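Worksheet for the structure shown next.
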Amino acid sequence: MIDQYPVTAADRFTFGLWTVGNRGADPFGSAVRPALSPVEIVKGLAKVGAWGVNLHDNDLIPMGSSAPERDRIVSEFKRALSDCGMQVPMATTNLFSHPVFKDGAFTAGDSRVRAFAVRKAMTAIELGVELGATTIVFWGGREGSETDALKDPRDAIRWYRESLNHLCAWTKAQGWGLRFALEAKPNEPRGDIYLATTGHMLHFITTLDHPQMCGVNPEVAHETMAGLSMVHAVAQAMECGKLFHIDLNAQRIGKYDQDLRFGSEDLKGAFFLVRLLEGTGGYPAYTGPRHFDAHAYRTEDVEGVWDFARGCMRTYKILAVRARAFDGDPEVQGILQSNAGGTAALGDAALGGTAQIDPDAIATRGLRAERLDQLAIEHIMGVRQ
Ligand code: GLT
Ligand code: MN
Ligand code: MN
C-alpha cells in the first residue's frame with residue numbers, strides 16, 4: 001500500500017534528545033526504559049524520517065565533564081549528525097535539574113546563582129552554535145515560587161530581564177545572528193511560574209533591550225494547562241512576527257504536564273493549530289521547524305518510543321492534508337464568504353455616519369458556525385475529502 005503521508009526532510013520535523021530519550025520516570029516511579037545514547041537517538045530519529053534533533057547542554061554533555069571528554073562527545077555526535085544528514089536547529093540550557101536552581105536560575109534570590117545560570121547559558125549557546133543551531137530556547141521551569149513571602153515577583157522579573165539582556169547583548173556581540181525563543185508554562189515544577197503564558201512572554205519581550213531578537217516558543221501542553229487556547233496564543237505570536245519556535249504535543253486540561261503524542265488529545269485543537277501553521281486558511285505559513293516536545297507513554301519499551309515518534313509526525317501530516325481539504329471545500333468557502341461582507345476595515349465610510357448600519361437587522365442573521373464546525377469535524381474524521 002502506498003503511504004499517502006510520507007515524512008520527508010521538507011517537513012522539518014524535530015524532536016529533543018530529552019523527548020525520545022525520556023525513560024518514563026515520574027515523581028512516583030523510576031525509569032522503565034533503558035537510556036539511549038545521543039548517537040543512538042540521532043540514528044533512530046533519522047530512521048523514522050525526522051529532519052533534526054534539539055538538545056539541552058546536559059542532554060549531550062553531562063555536567064562536570066572535562067574539556068577532553070566534552071570534545072570527544074561533541075565530535076562523535078557531529079559525526080552521527082553528518083552520517084545521518086540530521087540538523088540541530090535549536091539548542092537550550094538545562095537551568096532546572098541541578099539543586100543550585102531550587103529557587104530559580106535567572107530569578108534566583110542569590111546573585112551568584114543568577115551569574116552561574118547566565119554563564120551556563122553562554123556555554124550552552126556556544127555549543128548550540130558549534131552544532132549549527134539558529135534558535136535558542138529559554139524555558140524558565142524553575143523561575144517561579146511556592147510562596148511569595150521569599151521574594152517580590154517584581155524583583156524576580158527584573159532579574160529575569162537583566163539576565164536576558166546580558167545574553168542578548170553578548171550573543172549579538174559575537175555576530176551569531178541567533179534568535180531567542182521564550183517558552184511559558186503556568187506551573188510545574190514550581191507552584192506558580194513567572195510569565196505563565198505566551199501572552200505574558202509577548203509583553204515581557206517588549207521590555208527587553210533587544211526585543212527584535214526575542215520571540216516565543218509556545219507549547220500545546222502549557223497553554224492547555226492554563227486553560228487557554230494554544231491556537232489563539234500561536235495566532236497572536238504569528239500576527240506580531242514572534243513565533244520563533246513551537247513545541248507540539250498534546251494535553252488534557254486540568255492535569256499535570258502530560259507532554260503526550262501530538263494529536264492524541266484534543267484532535268480538533270490540533271487540526272486548527274496545523275491549519276494555522278500551514279497557512280491553509282490564509283496568511284503565510286510558519287516556516288520554522290515543527291518540533292515535538294513530547295514523550296511516549298510509560299507503558300512503552302524502546303520500540304514503542306519509535307511508534308510514538310512516527311505517530312507525532314504522521315498525525316501532523318494527516319491533519320495538514322485535512323486542513324487543506326477543509327479550506328478547499330466549496331461549502332466551507334461559501335460559508336466563509338457569506339460572512340465576509342462585514343469585514344471591511346474601519347474607515348471614514350464606516351465610522352463617518354454616511355453608511356446605513358442597522359444593528360437589529362444584522363443581529364438577526366445566523367453565522368452558520370454550527371454547519372462550518374460540523375464540516376471541520378467531518379474533514380477531521382476523513383468522511384469529506
Ligand atoms: C522540559 C520542558 C519542556 C521544555 C524543554 C526545553 S525542557 O522538558 O518540559 O517544555 O521545552 O527546556
Ligand atoms: Mn516545551
Ligand atoms: Mn510540557
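For this chain, numbers begin at 1 and follow the sequence in order. Since the structure is predicted, the reported quantities are computational estimates derived from the model, not experimental observations. For ligands, and for the atoms within them, numbers begin at 1 and follow the listed sequence. What you see below is based on every heavy atom in this structure, not just the backbone, and it leaves out hydrogens, waters and symmetry mates.
In terms of polar-atom proximity, defined here as any N/O pair under 3.5 Å, Trp18 does make such a contact with ligand 1. Inclusion of Asp293 in the set of residues having an N or O under 3.5 Å from an N or O of ligand 1 is warranted.
Here is the list of ligand 1 atoms found below 4.0 Å of a heavy atom in Glu183: 3 (C), 4 (C), 10 (O), 11 (O). Those atoms of ligand 1 that come under 4.0 Å of a heavy atom in His56, given as number and element, are 5 (C), 6 (C), 7 (S), 12 (O). Taking a cut-off of under 4.0 Å to the non-hydrogen atoms of His222, the atoms of ligand 1 that pass are 10 (O).
Looking at Asp247 against ligand 1, only its side chain comes within 4.0 Å, counting heavy atoms.
Each of Asp3, Val48, Leu319 was evaluated against Arg314; a single residue qualifies, Asp3, per the side-chain contact (heavy atoms from CB on, under 4.5 Å) test.
Listed by chain and number, the protein N, O or S atoms at a distance under 2.8 Å from the Mn ion (ligand 3) are Glu219 OE2, His222 NE2, Asp257 OD1, Asp257 OD2, Asp259 OD1.
Using a 4.0 Å cut-off between charged nitrogen and carboxylate oxygen, Lys268 and Asp373 count as a salt-bridge pair.
Taking the six-membered ring for Trp and the full ring otherwise, the centers of Phe292 and Phe15 sit less than 6.0 Å from each other. Side-chain rings of His210 and Trp170 stay apart, their centers remaining 6.0 Å or farther from each other. Aromatic pair Phe204/Tyr194: centroids not less than 6.0 angstrom apart.
The shortest side-chain heavy-atom distance between Val220 and Asp247 does not fall under the 4.5 Å cut-off.
Of the inter-residue distances, the one linking Ser82 atom OG with Gln87 atom CD reads 10.5 Å to the nearest 0.5 angstrom. The CG atom of Leu195 sits 4.5 Å away from the CE atom of Met201 when rounded to the nearest 0.5 Å. Rounded to the nearest 0.5 angstrom, Trp139 CH2 and His56 NE2 are separated by 7.0 Å.
Taking the ring centre of Phe244 as origin, the terminal cationic atom of Arg179 falls inside the region bounded by 6.0 Å and 45° from the ring axis.
For atom 9 (O) of ligand 1, the nearest non-hydrogen atom of the protein is Asp257 OD2, 3.9 Å.
With respect to the Mn ion (ligand 2), Glu183 has OE2 as its nearest N, O or S atom.
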